[in-house]
Protein chains: 2
Amino acid sequence: MKRPTIADIAQRAGVSKGAVSYALNGQPGVSESTRRRVLAIAKEIGWNPNGAARALSGAPSDTIGMVLRRPARILGVEPFFMELISGVEAELSARSYALTLQVVADQAAEIEVYRRWWGERRVDGVLVCDLRVDDPRITALADLSLPTVVVGSLGEVAGLVSVWSDDAAPVVEAVEYLNALGHRHIARVGGLPDLRHTAVRTEAFEEVCRRLNVEPALTIPTDYTGEDGARATRRLLSSPRRPTAILYDNDVMAVAGLAVAHEMGFSVPGDVSLVAWDDSVLCQLVHPPLTAMSRDIPAYGGHAARRLLDVIAGGSVASLQDVAAHLIPRGSTAAPAPRA
Amino acid sequence: MKRPTIADIAQRAGVSKGAVSYALNGQPGVSESTRRRVLAIAKEIGWNPNGAARALSGAPSDTIGMVLRRPARILGVEPFFMELISGVEAELSARSYALTLQVVADQAAEIEVYRRWWGERRVDGVLVCDLRVDDPRITALADLSLPTVVVGSLGEVAGLVSVWSDDAAPVVEAVEYLNALGHRHIARVGGLPDLRHTAVRTEAFEEVCRRLNVEPALTIPTDYTGEDGARATRRLLSSPRRPTAILYDNDVMAVAGLAVAHEMGFSVPGDVSLVAWDDSVLCQLVHPPLTAMSRDIPAYGGHAARRLLDVIAGGSVASLQDVAAHLIPRGSTAAPAPRA
DNA sequence: CTGAAAGCGCTTACAG
DNA sequence: CTGAAAGCGCTTACAG
């Protein structure tokens, strides 16, 4: 059986298609009685608006998009993304907006997806994550004039709205805390060096270490996976001048690092203190529970979604600096044991 | 500036819109030279197909949908969903299909979303999860004749394709293993009793316990959250006839249960053995690492996505039984200590 | 308040 | 191989 259209409703109601459209959309131009009759018929015959036809007439898609350039399988293990997405969803679902996700292999493909989505009016706007140090997506998006909100600090780019939090301050907080405990040799297991927030953290790390005379402030780059984090930890704990404390750029690597410490016979925090960035259940459930840089990631995602909805609505929207992550000390950090 | 359309291309190329359409879509009906010229012009002026217009002419949306009826925030903590989605994405992204997610509050809203998506041709098909014991979505979906693949065992429903795995066998495997270790008092912390797979597991649990004379085979229902899992564990470990082994219906609850055991001063596996269902990094990184019912969830999602694509393509598609989860013994299970 | 009509950007028979 | 035209299901000025 064919899907009913407004023409069917119009015929049954004995009015024009235009009148039906006005009635259905709550627009002025029809009498209350006609409107009621039209609505009743629409319901009765199971009419649903045809989004394609609406879109062709310029209506919004009520969908926002997010392109993720990561191996698809990483989504399942890295809590950050899911928490971010859950926060975005919470905000969107309250307004019956949908979220369209697409995973791509590289940057060219990502830009191509934006181009296509916008060309096809498939999304009303996009959320952009994982800013690179030098990121061609920024200008591509600006060229498209696709409503965009950047999640993460953007620097000075005219016209683009971002929701971000300070990545440097938490690093400083953690290092100062460890230094106060007596640590003089702190290493860091960092994320992808190409990412902008990694660069910010690395710089902050080196600067605060220099200021506090904590040397050599080594950062080992990784791809964020637990495997890479384990490898980096093994390397650090095997080195002749073993650090007494390690900062990790995410929670998965910190937990993996903890397992490596145990495996190598080091006690935590007796032999080495560990600090995670991003605080998921993971951190709280291992033994000892991990000291972590904690922030409300779903809220972060929610802010970004709300901002994007505002941009789409056409308002003049300012960037938002969310609260920075802050240190939650737990059992994985303590004063270093005196060396034998 | 206005977005270019095939009319613009037609004008520049000096051919009709129809010819442009054929050229762009690789259809016969234009000469090779015309096709090349059209393609070149399209590229030059930055033409993108208008999806709405295509959809209005009956083209597919190249998008599949998934409605999740869970609190949005749970997405971030429950590894199962993200792993499933990552597997789905891996399959889809290879074919440039997008995934649209929508989180809803209740079943009525979920069915409404299906109705709307299908009415609007926003998706070519949907993946349905978390089957209930008595699930009105099944008939609703069948009525819509929306291409659907059910993730999870469906029972005998004509016409619907499902991708599922045996939920009973792993329960039997785990209980037999624990029984062989000498456990005579095994409890279970189950999921939402309303879910079909929970019901299947509960029944299998009671049956195998009866067969092996392992009593009383108590299942405590939960909502799958770590908090509920902790509460259930506290109750079990406080009871006068404390079980010597506990099965959990997901990994988050098992890890939370482990923390409770430690908090109450019980040793694992000395005082109580623990078994998780679903095996994420979580299970492997806690101490002791958890014995778990393991399965490849991303692969499961991938199978479901591929099946759905086949259904959409119109082929006659059979349901797929994926391999069942199997027990991976780790440090959290051992023979029970003799009671004092 | 209502009707008739054009237009959104494509696809696809139907003639030449 | 190509052109002219109808149609997909809406929305929205424009007349009455």
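Lettering of chains follows the sequences in order, A, B, ..., and the numbering in each one begins at 1.
Summarising the geometry of V151(A) relative to Y300(A), their closest heavy-atom pair is CG1-CE2, 3.6 Å, with the distance given to 0.1 Å. Pairing each heavy atom of V317(B) with each of V311(B), the nearest pair is CG2-N, 3.6 Å.
The side chain of Y22(B) approaches dT12(C) more closely than any other nucleotide in the set dT12(C), dC1(C), dT11(C). Looking at the side chain of T5(B), the nearest of the listed nucleotides dG9(C), dC1(D), dT2(C) is dG9(C). For S31(B), taking side-chain heavy atoms from C-beta onward, the closest of the listed nucleotides dA4(D), dC1(C), dC1(D) is dC1(D). Each of dT11(C), dC10(C), dG3(D) was ranked by its minimum atom distance to the side chain of N25(B); first place goes to dT11(C). Side-chain proximity of I6(B) to the nucleotides dC10(D), dG9(C), dT11(C) is greatest for dT11(C). If you check dA4(C), dC10(D), dC8(C) against the side chain of L56(A), the one that comes closest is dC8(C).
Side-chain N/O atoms of T63(B) and R122(A) include a donor and acceptor closer than 3.5 Å.
Taking atom CZ on R54(B) and atom P on dG9(D), their separation rounds to 19 Å, with Å as the unit. Taking atom CG on L24(A) and atom C1' on dT11(D), their separation rounds to 12 Å, with Å as the unit. For the pair I9(A) CD1 and dT2(C) P, the computed distance is 16 Å after rounding to whole Å. For the pair K17(A) NZ and dA4(C) C1', the computed distance is 10 Å after rounding to whole Å. Note: CZ (R37(A)) to C1' (dT2(C)) measures 12 Å, nearest angstrom.
Checking dG16(C) for Watson-Crick or G-U wobble geometry (two distances, each under 3.5 Å) identifies dC1(D) as its partner.
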Discussion item. Before you tell me yes or no, could you show the steps for R137(B) and T148(B) under side chain to side chain donor-acceptor pair (under 3.5 Å), namely the whole-Å CA-CA distance, both residues' side-chain angles and the distance that decides it to 0.1 Å?
Written reply: CA-CA 11 Å; R137(B) 293 177 298 173; T148(B) 299; over 6 Å; no

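Residue whose closest nucleotide on DNA chain D sits further toward the 5' end, between S21(A) and T34(B): T34(B).
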